[in-house]
Amino acid sequence: MDERGLSRREVESLLREQKRKDLSYKRVLSSMCTYPHEVAAYAHKMFLESNLGDSGLFPGTKEMEKEVVRMIGSLLGRGQGRGQDSGNAFGYLSTGGTESNIQVIHAVRNRKRREGQRLKGMNIIVPETAHFSFDKIADLLCVEVRKAGLDEELRVAVSSVAELIDDETICVVGIAGTTEFGQVDPIKDLAKLVQEQKQEKGREIFLFVDAAFGGFVLPFLEGEGERRKYEFDFSVEGVGAVSVDPHKMGLSTIPAGCLLFREESYLEELAVPTPYLTTKSQSSLTGTRSGASAAATFAVLKYLGREGLRRVVRECVRLTRLLVRGAAELGVSTVVEPVINVAALRFPTPAEVERVASALVERGWRVSVTRAPKALRLVVMPHVKEETVKEFLEDLEAVVVSSYI
Ligand code: 0PR
């Protein structure tokens, strides 16, 4: 660090220089993030200094966080006044899907340890498609992470989960909107499996749904009549926790994740006393915590409402279909029929996937490649416009056709 600071103009010029090196999202088809909504950016700036880690100083921000938890809980099947068990969900705004996943497993692990289960041997079962944050969990929380196989549609195979369960299994994880293929695991069947394990073997296994990406997409897909197309959240009896990220399809600012438990007592499993702060305890992983992104999430959810989010989702899904149809006309099919705004295009060989991906990168696109099966992964976020899809298809045609001439 230099002894003397620069002038404001010099700093601004340095910032512009760095900004020019960053990509704009325009041709990015590899990211699950996007431009935040304008109203989110406005709120973020207004609450820049707000710290939810010491929320007694920021009661206004704290109220917004509570309201966000309530709103998202109601979107995900809680607090709708249905049946006896219709209270709100309990949770907090995290830094994103990774922290939410860590904290849910952390809470379940702590509960089991408190009940006397030994850490050694403790395991959780996730699908093979689980996000790499679960590998961090194995390392941090010292639980074994077992990976269950998939069915032909790349959803977790419930029979494979069943085979991996033993007396030391503490949690089963299902994914609603997998990172690579956008697939939705059969959450109702997982709930049934967990229920059977309880009845037949007396095993108490927690069921957690990682809906980091799908949580703001699946509620808005067109189902038949009033029926939801996918049941993946608290509306499924037996789901104990759900995670969803406002900084992905919620159009909020980074960092904004949200973890929700059906029962408040799981937050207590995470609580650490904070003697000299304005609040008595903290359940979050981080200490200092962005009030700005909480305000941004509050603002964008209030501004758009379900109607606005539905519009955003439906446009992304429409453009995904357009993209997939266009690819099909070029003889390129998908690995699975896209469920949400994530598509994976299949090519004759893994080498061909790599070749097409690099050729597209050379043409200014950002795309990614899935692991198994290897395919070209495209995420159609709200920054993607119809024009972008058309331009992409033209380049895809050039890249694919050139190789067959
Ligand atoms: N769970 C699921 C299902 C996810 O897809 C992700 C992230 C996480 C958890 C972890 O979320 P955080 O990254 O918020 O901790 N999925 C994206 C991915 O790994 C994250 C991402 C977003 C990566 C934008 C790149 C990017 O440009 O692909």
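Given the structure is predicted, the values throughout are model-derived calculations rather than measurements. Just so you know, ligand 1 is whichever comes first in the structure, and atom 1 is the first atom listed for that ligand. Side chains included, hydrogens not; waters and symmetry mates left out as well; all remaining heavy atoms used. Sequence positions, counted from 1, serve as the residue numbers for this chain.
Residue Glu269 forms a side chain to side chain contact (heavy atoms under 4.5 Å, CB included) with just one option from Lys112, His106, Arg114, and that option is Arg114.
Around ligand 1 you find Ser31, Met32, Cys33, Gly96, Gly97, Thr98, Asn101, His131, Phe132, Gly177, Thr179, Asp210, Ala212, Asp245, His247, Lys248, Arg377, each with a heavy-atom distance below 4.0 Å.
You'll find the ring centres of Tyr266 and Phe90 outside the 6.0 Å limit.
Other residues, nucleotides and ligands place more than 12 heavy atoms under 6.0 Å from the CZ atom of Arg203.
Here Glu307 pairs with Arg311 under the side-chain contact (heavy atoms from CB on, under 4.5 Å) rule; sequence neighbours left out.
Each ring-ring contact (aromatic ring centres under 6.0 Å, His included) pair with one or both residues in residues 363-382, not counting sequence neighbours, appears once here: Trp365-Phe392. Applying the ring-ring contact (aromatic ring centres under 6.0 Å, His included) test to every pair with at least one member in residues 137-170, sequence neighbours left out, gives no pairs at all.
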